[in-house]
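Report on one structure; see the data block that follows.
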Amino acid sequence: MSMTSAAVRQAFLDFFASKGHSIVSSSSLIPGNDATLLFTNAGMVQFKDVFLGQDQRNYTRAVSSQRCVRAGGKHNDLENVGYTARHHTFFEMLGNFSFGDYFKQDAIRYAWEFLTEVVQLPKSKLLVTIYATDDEAYDLWLNDIGVPAERIIRIGDNKGAPYASDNFWAMGDTGPCGPCTEIFYDHGEDIWGGPPGSPEEDGDRFIEIWNIVFMQFNRLASGEMQPLPKPSVDTGMGLERISAILQHVHSNYETDTFVSLINAAAAVTGASDLSDKSLRVIADHIRSCAFLIIDGVMPSNEGRGYVLRRIIRRAVRHGNKLGAKGAFFYKLVAALAAQMGEAYPELLTKQAIIEKALRLEEEQFGKTLERGLQILDDELAALTSSEIPGSLVFKLYDTYGFPVDLTNDVARERNLTIDQAGFDSAMAEQRKRAQQASNFGVDYNQQVSSNQQTEFTGYTAEAGSALVVEILKDGQSVSQLDAGDSGLVILDSSPFYAESGGQVGDTGTLDNSTGVLFSVQDTVKIGKAFAHQGKAEQPLQVGMRLDAKIDTARRDAIRKNHSATHLLHAALRQVLGEHVTQKGSLVGPERLRFDFSHFEGVKAAELQQIEQLVNQQIQLNLALQTRIMSIDDAKTAGAMALFGEKYDEEVRVLSMGDFSIELCGGTHVNRTGDIGVFKIVSEGGIASGVRRIEAVCAAAAISYIQQLEAQAQQAAALLKGDTFSLTERVQQSLDRAKSLEKEIEQLKGKLASYAGASLTDNVQQLNGVQVLIQQLPDTDGKALRTLLDELKNKLGSTVILLASSQEGKVSLIAGVSADLTAKVHAGQLVAWAANQLGGKGGGRPDMAQAGATDVENLPKVLELAFSYIKERL
């Protein structure tokens, strides 16, 4: 049977739906509330909390086709992508899951039925592996399914520790774990390789296509294995791998999805050899880049954005190798949307956004290459050997994105080599750091937690009677706090909002008839409990009934800022485009801060339009409405959900007319008019592709406007005008200052020219060459350049080194006439002098400049410079 990749995906989903599984859409590539993962890298990630017992769904069986990325941290095979048959940065994982429902027997039966009956793989081509001691799975494969014993392979602990086996899966060092059974496909004797567990297992003959994990234990930090009360099943089958088998090809890159993308990549790069590995790289990378951008990642210099940037630049470098001219990578988005848009409609709806993000990054990379070449030129000018240090090659590659092969090309042109071993060592250190940074070592059995649950009453109340159900001090549960003790107080119900979604926690007091017992300085969430953090003013015990009272003035200010944040988000998307997504927020009583994805700085006119839109909605005095509905219904209603956030099956939807509809659990005003007025204070970039707006509302906005007005009046008075003529007065002052600066420069040039006329008296003859080495008083770099040009024109065949010091800094400039640059290189001369004085620099063979800091030793170095020049002449 031959099936397209799309048909395989649909067949898998339909098969398990017929077995009572709920079809669950692919989650975002940004794991929801999971700091242990850089990207979603397996189908089970979105069900992690279900397996841990921290979340419940309205189904016990699920099936999905999950989009995954493995290109950073521990799961990083980036350099292999395109050069092997099955490595990818982006792939789809088909998976079926049981949450305490069916277990080994049904999981094995379903897998076998799908492979042998639905997609009709020959049974003789399949073999299986089990964990060495899993006799139950062995018996099921042998007697229930009928797989011959010689095609069932036991895999034991082969990594130097108990349960350290390819066939024993664990969520982490602790937590849910269990044995696996894997299904392999035999490509035939004409392909080199041996079965799993053999010395030749890394060959391509036997390919793993399906892994079934039986979660039946909970591993404690002590190493003890506790049986889980509800054993579960987690499976995974790579769509690309099974599609290759069903399409009778050996490499994933020969499947229909990749053939289409490779042809498109060849068209935009002008490549004619469709077997070129660079085309594979580009075809793979367009998938991961497009889906990461869809899920809110933008190119940047840190975290997920840095990984995206590396993938884009790797694709662009391979396009350049193929001869691509100008930006090309973004043009592949249309081909990808045509190939996968039916399964993932967001590729079609966000095509323009993806294209713009990729095009801007390509253009930026072009500028980066230019900057990298200049840096390389400067460094090579100061090089004292014929080998470029590996540390420099790595710096250019890692910091500036400058390709190693391009550094090699420059080295060859200049008869230099690169320290490949040093570069490899620096790369190895970087990988080690990346792995350490992504190894979070979470112990799921030792998280600080509380079994209590707090009912939040703060949507409608600002005070209320509540029972103290738990007290935590220094992370431990205690029965009481003494006066002066700091701790966390958990109530059965509370009007205090716990910090969440960017909104800060409430403050206030816990009182009784004797007065204030506890001053609440913050409120945070611990599981489903609200923990009131602060200090006891009087002894406080579990079981006490108290009056919980929030700081109402502070809450009121927070509500106004929070509602304004929602209006701002909607206005940004309306003015800048729907690619704008929230990247973070902080809503406090004084002001609001909103971070969002955007390709470039927001223009002044756009900021004005955004501010006007928000204030228009405030003036309309729209009523705020809240509804509780299912997450699917909320999305259908158009509610904005945040990428990377995890939501319950039922969510709270906040609406302000048709202008803003978002999922939000925070506190808000009753009507938009309560916000009063909205004023943007600042806008700027905080990372590549991420912008930040800070704003104020209500009384704080009035105060801010008054301060601006006072400053404008003071400035106008200093310029002898009024606020309405302030711009004109400032421009006049700037024009006058510019005119004076120009006049000063002209005077400096004349002074330098006069100085140059007298400098010729200090020229020394050396083998027929006129050599001038001179220190000048208080002369800036521009004047030195003017003087150098005049001296070169006047002296003819010459070598010149000029220096000056100003405010503790040394300026150096060297000039060499064209007939002497083969003997004396100006860039190397000035770099040598700068190195002696604690600086660095370089430049062209005929002219170069440098800076340094050692003013005291400048005369001595200038004396030595004559010997330096003499040796070369």
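Note that the coordinates shown come from a computational prediction; the quantities given were computed from them, not determined experimentally. We count residues from 1, following the sequence as given.
- Residues Ala62 and Val24 approach most closely at CB-CG2, 3.9 Å, considering heavy atoms.
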Apply side-chain contact (heavy atoms from CB on, under 4.5 Å) to residues Leu94 and Thr235 and explain how you reach the verdict.
CA-CA 8 Å; Leu94 305 172; Thr235 81; over 6 Å; no
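- For Phe184 and Phe206, the gap between ring centers reaches or exceeds 6.0 Å.
- Between atom CD1 of residue Ile183 and atom CD1 of residue Ile209 there is a gap of 6.0 Å, rounded to the nearest 0.5 Å.
- Two residues are said to be in side-chain contact when any heavy atoms from C-beta on lie closer than 4.5 Å; Phe97 and Val63 fail this criterion.
- The closest side-chain donor-acceptor pair between Glu182 and Tyr131, if any, does not fall under 3.5 angstrom.
- Glu240 is linked by a side-chain hydrogen bond (donor to acceptor under 3.5 Å, both in side chains) to Arg287, counting only residues two or more places apart in sequence or in another chain.
- Using modelled atom types and a 3.5 Å distance limit, the side chains of Asp157 and Ser165 yield no donor-acceptor pair.
- Between the side chain of Thr129 and the backbone N or O of Ile153 there is no donor-acceptor pair closer than 3.5 Å.
- Here Arg205 does not pair with Glu200 in a salt bridge; the nearest charged N to carboxylate O distance is not below 4.0 Å.
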Between Arg9 and Glu92, is the salt bridge (charged side-chain N to carboxylate O under 4.0 Å, His left out) condition met? List the steps.
CA-CA 9 Å; Arg9 183 195 300 113; Glu92 289 183 78; 2.8 Å; yes
Run Asp295 and Lys350 through salt bridge (charged side-chain N to carboxylate O under 4.0 Å, His left out) and show every step you take.
CA-CA 10 Å; Asp295 283 350; Lys350 295 189 175 183; over 6 Å; no
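- The neighbour count for Lys230 NZ, taken as heavy atoms of other residues, nucleotides or ligands under 6.0 Å away, does not exceed 12.
- In Glu189, the CD atom is not crowded: 12 or fewer heavy atoms of neighbouring residues, nucleotides or ligands sit closer than 6.0 Å.
- Taking every heavy atom of both residues into account, Ala149 and Leu142 meet most closely at N-CD1, 3.8 Å.
- In this structure the side chain of His250 reaches within 4.5 angstrom of the side chain of His187, judged on heavy atoms.
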Evaluate the criterion side chain to side chain donor-acceptor pair (under 3.5 Å) for residue pair Ser2 and Gln247; output intermediate values, then yes/no.
CA-CA 5 Å; Ser2 180; Gln247 292 174 30; over 6 Å; no
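- Ile312 is not listed as a side-chain neighbour of His285, based on a closest heavy-atom distance of 4.5 Å or more.
- For the pair Asp49 and Arg57, the salt-bridge criterion is not met [side-chain N within less than 4.0 Å of a carboxylate O].
- Distance alone, capped at 3.5 Å, places no donor-acceptor pair between the Gln339 side chain and the Ala335 backbone.
- Separating the CD atom in Glu254 from the OG atom in Ser243 is a distance of 13.0 Å, to the nearest 0.5 Å.
- Defined by atom type and a distance below 3.5 Å, a donor-acceptor pair is present between the side-chain atoms of Glu470 and Ser450.
- Proximity of the aromatic rings of Tyr102 and His21 is defined here by a centroid distance below 6.0 angstrom, and this criterion is met.
- Of the possible donor and acceptor atoms, one in the side chain of Thr116 sits under 3.5 Å from a partner among the backbone N and O of Trp112.
- Side-chain contact check for Asn252 and His88: at least one donor-acceptor pair (N or O, by modelled atom type) lies under 3.5 Å.
- A pairwise comparison of heavy atoms in Ser25 and Gln46 identifies O-NE2, 3.3 Å as the closest pair.
- With contacts defined as side-chain heavy-atom distances shorter than 4.5 Å, the pair Pro179/Lys104 qualifies.
- Side-chain contact between Cys289 and Leu308: present, with at least one pair of heavy atoms (C-beta onward) separated by less than 4.5 Å.
- Contact detail for Val307 and Ala71: the closest heavy-atom pair is CG1-O, 3.1 Å.
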Could you walk me through whether Gln66 and Ser27 satisfy the side chain to side chain donor-acceptor pair (under 3.5 Å) test, starting with their C-alpha distance in whole Å, then the side-chain angles of each, then the deciding distance to 0.1 Å, before giving a yes or no?
CA-CA 7 Å; Gln66 174 65 50; Ser27 66; 3.1 Å; yes
Given side-chain contact (heavy atoms from CB on, under 4.5 Å), test Arg304 with Ile30 step by step and report yes or no.
CA-CA 9 Å; Arg304 297 180 176 106; Ile30 312 306; 3.4 Å; yes
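- Residues Leu246 and Leu121 meet the side-chain proximity criterion, which asks for heavy atoms closer than 4.5 Å.
- Using modelled atom types, one finds a donor on one side chain and an acceptor on the other under 3.5 Å when comparing Thr581 with Ser597.
- Arg151 places a side-chain N or O within donor-acceptor distance of the main-chain N or O of Leu126, the cut-off being under 3.5 Å.
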side-chain contact (heavy atoms from CB on, under 4.5 Å) for Tyr344 and Ser65? Distances and angles first, verdict last.
CA-CA 11 Å; Tyr344 297 102; Ser65 179; 4.1 Å; yes
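- For an aromatic pair to be called close, the ring centres must be under 6.0 Å apart, and Tyr163 with Phe217 fails this.
- A 4.5 Å side-chain heavy-atom check between Met629 and Arg652 finds every atom pair outside the cut-off.
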Assess the residue pair Glu113 and Lys123 against the criterion (salt bridge (charged side-chain N to carboxylate O under 4.0 Å, His left out)); give the C-alpha distance rounded to whole Å, side-chain angles, the decisive distance to 0.1 Å, and a yes or no.
CA-CA 10 Å; Glu113 182 181 346; Lys123 296 178 181 179; over 6 Å; no
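- Between His87 and Tyr253, the gap from one ring centroid to the other reaches at least 6.0 Å.
- Formation of a donor-acceptor pair under 3.5 Å by the Arg241 side chain with backbone atoms of Glu208 is found in this model.
- Under the side-chain hydrogen bond (donor to acceptor under 3.5 Å, both in side chains) criterion, Asn211 pairs with no residue, sequence neighbours left out.
- Residues Phe103 and Phe214 place their aromatic rings such that the two centres sit under 6.0 Å apart.
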Let me see the working for Phe168 and Cys180 under side-chain contact (heavy atoms from CB on, under 4.5 Å), right down to the final yes or no.
CA-CA 5 Å; Phe168 195 92; Cys180 309; 5.8 Å; no
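- Residues satisfying the side-chain hydrogen bond (donor to acceptor under 3.5 Å, both in side chains) criterion with Ser275, sequence neighbours excluded, are Asp273.
- Within the 4.5 Å cutoff, no side-chain heavy atoms of Met225 are placed close to those of Asn218.
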Stepwise salt bridge (charged side-chain N to carboxylate O under 4.0 Å, His left out) test for Arg61 and Asp101
CA-CA 7 Å; Arg61 300 181 175 199; Asp101 189 335; 2.9 Å; yes
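- Glu342 contributes no side-chain N or O that, together with a main-chain N or O of Ala337, makes up a donor-acceptor pair within less than 3.5 Å.
- Distance check, rounded to the nearest 0.5 Å: CZ of Phe91 to CG of Asp284 gives 11.0 Å.
- Aromatic ring centroids of Phe114 and Tyr110 lie 6.0 Å or more apart.
- At distances below 3.5 Å, not a single donor-acceptor pair connects side-chain atoms of Thr454 with backbone N or O atoms of Ala529.
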For side chain to side chain donor-acceptor pair (under 3.5 Å), just list the numbers for Asp256 and Ser5, CA-CA rounded to whole Å, side-chain angles, deciding distance to a tenth of an Å, and then say yes or no.
CA-CA 7 Å; Asp256 60 326; Ser5 300; 2.8 Å; yes
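- How far CG of Asp234 is from CH2 of Trp169: 6.0 Å, rounded to the nearest 0.5 Å.
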